[in-house]
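Note that ligands are numbered from 1 as they come in the structure, with each ligand's atoms numbered from 1 the same way. All values below were derived from every heavy atom in this structure, side-chain atoms included, with hydrogens, water molecules and symmetry-related copies excluded.
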Amino acid sequence: MQYEGIVYRPPSEAGSFILQVTIGCAHNACTFCTMYKDRSFRIRSMEEIRGDIAEVHSVYGDRIRRIFLADGDALVLPSERLIEILHLLRRTFPSAERITSYGAPGDVLRKTDAELAAIREAGLEMVYMGLESGDPEILENVKKGVTPEEVIEAGVRLKKAGIRTSVTLISGLGGRKKIASHAEKSADAISRMKPDYVGFLTLMVEPGAPIAKEIRSGAVELLNPEETVDEMELFLKRVDSEGTVFRANHASNYIMLKGTLNGDIPRMIHELDVVRARSGFRKEEWRAL
Ligand code: SF4
């Protein structure tokens with residue numbers, strides 16, 4: 001099976017069968033993201049998808065446990081097509097425990113509640129969605145293409161359909177000037193969405209990312225490790241999302257932190273204090289996207 005371009009997937013999908021149902025991302029405009037800038041967006045044909053599924057089945061039989069639908073936003077597919085693919089996967093790999101995908105908030109909002117429920121029924125168990133920031137100015141600046149209100153609504157509607165949600169935030173996305181607003185508004189958005197998982201990455205700028213220009217011009221100033229810890233502390237002091245699993249263990253982060261909201265918040269804040277006191281940050285050269 002030949003993948004088209006580099007295939008991206010969340011860290012928790014490391015052992016999954018990655019099935020490209022689209023190539024690239026239909027939006028492809030976020031200024032911090034270079035993932036799919038090298039390819040034009042298209043929806044793959046059923047023939048291509050059937051071919052990949054048959055090939056993987058011929059090698060692994062029914063030993064596939066997890067399946068991730070790539071690339072950037074599988075929910076851009078018309079609902080009937082997505083449901084057809086989910087049915088095919090369930091028939092081919094009856095022992096698969098879960099099927100997940102990335103989902104752009106705008107694509108979720110374009111589907112009716114009945115469509116989302118049918119997609120869940122067909123087998124899509126969880127969607128990874130980027131909120132990135134709860135601050136509307138930051139989202140506008142990075143050309144996310146949606147407002148925080150729309151991301152919140154998409155998250156709430158997925159949950160209502162029974163689809164679990166894993167939401168990503170990007171530490172430092174608003175630069176130095178926006179530390180407090182980014183942290184607090186992101187905490188407020190998560191408190192309203194109450195996702196199953198929330199994860200922090202830290203802004204890292206690849207040379208081809210459009211945001212690199214703003215950083216060079218000084219319009220957005222990258223945070224130092226201490227400031228990213230300050231930002232995370234502000235977030236943790238404000239968020240209220242009982243039962244949400246919190247992870248800040250991405251390779252781009254200066255610190256590793258995990259726990260369950262709200263009960264583990266005091267312990268995680270204490271861990272931030274310890275890291276700060278010992279300057280125990282991950283070295284710059286060890287960080288990666
Ligand atoms: S929607 Fe996601 S994949 Fe697409 S450009 Fe934005 S961050 Fe990248």
- Message: Test of understanding: clusters of I, L, V, M, F, W, Y form through side-chain heavy atoms closer than 4.5 Å, transitively. Do Ile23 and Ile49 belong to the same one?
- Response: no
- So which bit of Tyr36 gets within less than 4.0 Å of ligand 1, heavy atoms only: side chain, backbone, both or neither?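 It is the side chain that gets close, since no backbone atom is under 4.0 Å.
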- Task: Examine the proximity of ligand 1 to Ala104 and report which part, side chain or backbone, both or neither, has a heavy atom under 4.0 Å away.
- Result: neither
Which protein non-hydrogen atom lies closest to [atom], naming both residue and atom, and how far is it?
| atom | answer |
| --- | --- |
| atom 6 (Fe) of ligand 1 | Cys30 SG, 2.4 Å |
| atom 8 (Fe) of ligand 1 | Cys33 SG, 2.4 Å |
| atom 5 (S) of ligand 1 | Asn28 CA, 3.5 Å |
| atom 2 (Fe) of ligand 1 | Lys144 NZ, 4.4 Å |

- Note on the structure: Near Ala29 (heavy-atom distance under 4.0 Å), the atoms of ligand 1 are 5 (S)
- Query: Which of the atoms of ligand 1 are close to Met35, meaning less than 4.0 Å from one of its heavy atoms?
  - Reply: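 Here the atoms of ligand 1 in question are 3 (S).
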Within the distance-only criterion (no hydrogens, no angle test), does the side chain of [X] pair as donor or acceptor with the backbone N or O of [Y] below 3.5 angstrom?
| X | Y | value |
| --- | --- | --- |
| Arg287 | Ser252 | yes |
| His27 | Lys143 | yes |
| His250 | Met256 | no |

- Query: Is the Phe235-Phe200 ring centre distance short of 6.0 angstrom?
  - Reply: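 Judged by ring-centre distance (under 6.0 Å), Phe235 and Phe200 do meet the cut-off.
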- Query: Has Cys25 got an N/O/S atom less than 2.8 Å from atom 8 (Fe) of ligand 1?
  - Reply: no
- Message: Let's go through Glu242 and Lys194 carefully: what are the C-alpha distance in whole Å and the side-chain angles of both, what is the deciding distance for salt bridge (charged side-chain N to carboxylate O under 4.0 Å, His left out) to 0.1 Å, and is it a yes or a no?
- Response: CA-CA 8 Å; Glu242 192 64 48; Lys194 302 204 185 309; over 6 Å; no
- Can you sort out the partners of His57 under ring pair (Phe, Tyr, Trp, His ring centres under 6.0 Å), two or more places apart, ordered by chain and number?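 Counting only residues at least two positions away or on another chain, His57 forms a ring pair (Phe, Tyr, Trp, His ring centres under 6.0 Å) with Phe93.
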- Is the closest heavy-atom distance from Gly130 to ligand 1 below 4.0 Å? no
